[in-house]
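Let me begin by presenting the structure, written as structure tokens, before commenting on it.
Not measured: the values here are computed from a predicted model. Naming: A, B, ... by sequence-line order, numbering from 1 per chain.
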There are 2 protein chains.
Amino acid sequence: MQVDEGIAILKKNGHKYTDKRADILSYFVHAKGYRSAKALLAFMETSYQGISLDTIYRNLRLFEQLELLESREKNGEKLFKIACKSGTHHHHFVCESCGLTKPLDKCPLPVYTEELADYHIHTHAFELYGLCPTCHHS
Amino acid sequence: MQVDEGIAILKKNGHKYTDKRADILSYFVHAKGYRSAKALLAFMETSYQGISLDTIYRNLRLFEQLELLESREKNGEKLFKIACKSGTHHHHFVCESCGLTKPLDKCPLPVYTEELADYHIHTHAFELYGLCPTCHHS
DNA sequence: CTATTCTATCGTAATCATTTCGATTTGTAA
DNA sequence: TTACAAATCGAAATGATTACGATAGAATAG
């Protein structure tokens, strides 16, 4: 997902271009990992002093609705990362040191088709956490 | 995990017995699934009118520290369930209708040992959501 | 049984993340 | 460039959770 793709999706859905929105997308495109609303606010305040919390949270919600961002919750805080848009369903490894997210080839769901034959599986949550090779060796 | 086991663990760690604590544990032992602080409060108010929020949240935190309860987050709310204490690492299927949690035999981690040979896996999150046979057929 | 000593609880206020609101500004299509 | 819907601001509201000073209660030793 690139910034201009995100802007295009915004426009296609009747939303407007603003510099702030481009900068928010740019922040997540370059972050390559999960970031909090607070971290985004800190980043945005360097370019736009006095930016409203409304702007931060409204856009995070909008971007998540449009599937430009994905989120998870931790310690009562919502964390966001840029969406993958690879088209195919997949999971991630997340580096706890640098925040890098690595897409995984396989999905663990087939492991359970037998054990849960009588159950109706709707969704699943799966993520791995640890250290990427770079962080592990330094 | 039974109520008296939980009370024993409390005492072993220098905490005192109270009827409220026994009732909180009993609530989760019989719930067999995730419940919110608000749901626990509603239950406790039937026996103890005027119970303090402090009591609810302090004990939830304490029980989680002592690993009598486990938690996950959803929509900015923390949900708690009784701990399994089976000794062995395992995951759960969670019924979205009745809240039932079913322990799963297998762990999906082995699926990724090859793909993540250069990575250092620390922890992982995995849970399945859907309908249990009972809720599915009604 | 009673005194002593912590721990638990209450009632309430504070905190933190997030959402909402009325007024104003800005993007964009005609 | 004009008109209008959408975006933003500044600030207040909400909802879940945590914290605090004062009181009540459980455990232990004498």
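- For K38(A) and dA17(C), a side-chain-to-base donor-acceptor distance below 3.5 Å is absent, hydrogens and geometry of angles not being considered.
- Residue-to-nucleotide contacts include no donor-acceptor pair under 3.5 Å from the side chain of T18(A) to the base of dG27(C).
- Look at CD on E45(A): it is 11 Å from P on dC9(D), rounded to the nearest Å.
- Put simply, CD1 on I51(A) is 16 Å from C1' on dA11(D), counting in whole angstrom units.
- Distances shorter than 4.0 Å separate some side-chain N or O of R21(B) from OP1 or OP2 on dA8(C).
- Computed from coordinates, the L10(A) CG to dA5(D) C1' distance equals 15 Å when rounded to whole Å.
- Computed from coordinates, the E77(A) CD to dT17(D) P distance equals 15 Å when rounded to whole Å.
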Go through the steps to decide whether D105(B) and H90(B) satisfy the test side chain to side chain contact (heavy atoms under 4.5 Å, CB included), and finish with yes or no. CA-CA 7 Å; D105(B) 289 339; H90(B) 62 280; over 6 Å; no
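- Atom CG of L60(A) is separated from atom P of dA17(C) by 14 Å (rounded to the nearest Å).
- Checking the phosphate oxygens (OP1, OP2) of dT8(D), a side-chain nitrogen or oxygen of N59(A) falls inside 4.0 Å.
- Across its full length, the helix from dC1(C)-dG30(D) to dA30(C)-dT1(D) shows an angle of 30° between the axes of its 5 terminal pairs at either end, rounded to 10 degrees.
- OP1 or OP2 of dT9(C) has at least one side-chain nitrogen or oxygen of R58(B) nearer than 4.0 Å.
- Side-chain N/O atoms of K20(A) include one lying less than 4.0 angstrom from OP1 or OP2 on dC9(D).
- Between the Y112(B) side chain and the K106(A) main chain, a donor and an acceptor come within less than 3.5 Å of each other.
- Proximity note for K16(A) (side chain, C-beta onward) versus dT28(C), dA19(D), dC9(D): the nearest is dT28(C).
- At dA7(D), none of the side-chain N or O atoms of R61(A) fall inside 4.0 Å of OP1 or OP2 (strictly under the cut-off).
- Summarising the geometry of G6(A) relative to M1(A), their closest heavy-atom pair is N-SD, 4.0 Å, with the distance given to 0.1 Å.
- The distance from atom CG of L62(B) to atom P of dA19(D) is 14 Å, rounded to the nearest whole Å.
- Between E64(A) and S71(A), the shortest heavy-atom distance links the atoms OE2-OG, 2.7 Å.
- Rounded to a whole Å, the CD1 atom of I7(B) is 13 Å from the C1' atom of dA8(C).
- Take the nearest nucleotide of DNA chain D for Y17(B) and for S52(A): the residue whose nucleotide is more 5' is S52(A).
- dT18(C) atom P lies 11 Å from atom CG of L40(A), rounded to whole Å.
- Residue contacts for L53(A): at a heavy-atom cut-off of 4.0 Å it reaches a base atom on one of the strands shown.
- Across all strands, Y57(A) comes closer than 4.0 Å to base atoms (heavy-atom distances).
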Could you go step by step and tell me if H91(B) and H89(B) meet the side-chain hydrogen bond (donor to acceptor under 3.5 Å, both in side chains) rule? CA-CA 7 Å; H91(B) 301 279; H89(B) 166 79; 3.2 Å; yes
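- The residues R72(A) and E127(A) are annotated as salt-bridged, a charged nitrogen and a carboxylate oxygen being separated by less than 4.0 angstrom.
- When the side chains of ILVMFWY residues are joined at heavy-atom separations under 4.5 Å, either directly or via intervening members, I121(A) and Y34(B) end up in two distinct hydrophobic clusters.
- At the phosphate of dA27(D), OP1 or OP2 sits under 4.0 Å from a side-chain N or O atom of K11(B).
- Between the CZ atom of F80(A) and the CG atom of L69(A) there is a distance of 7.0 Å, given to the nearest 0.5 Å.
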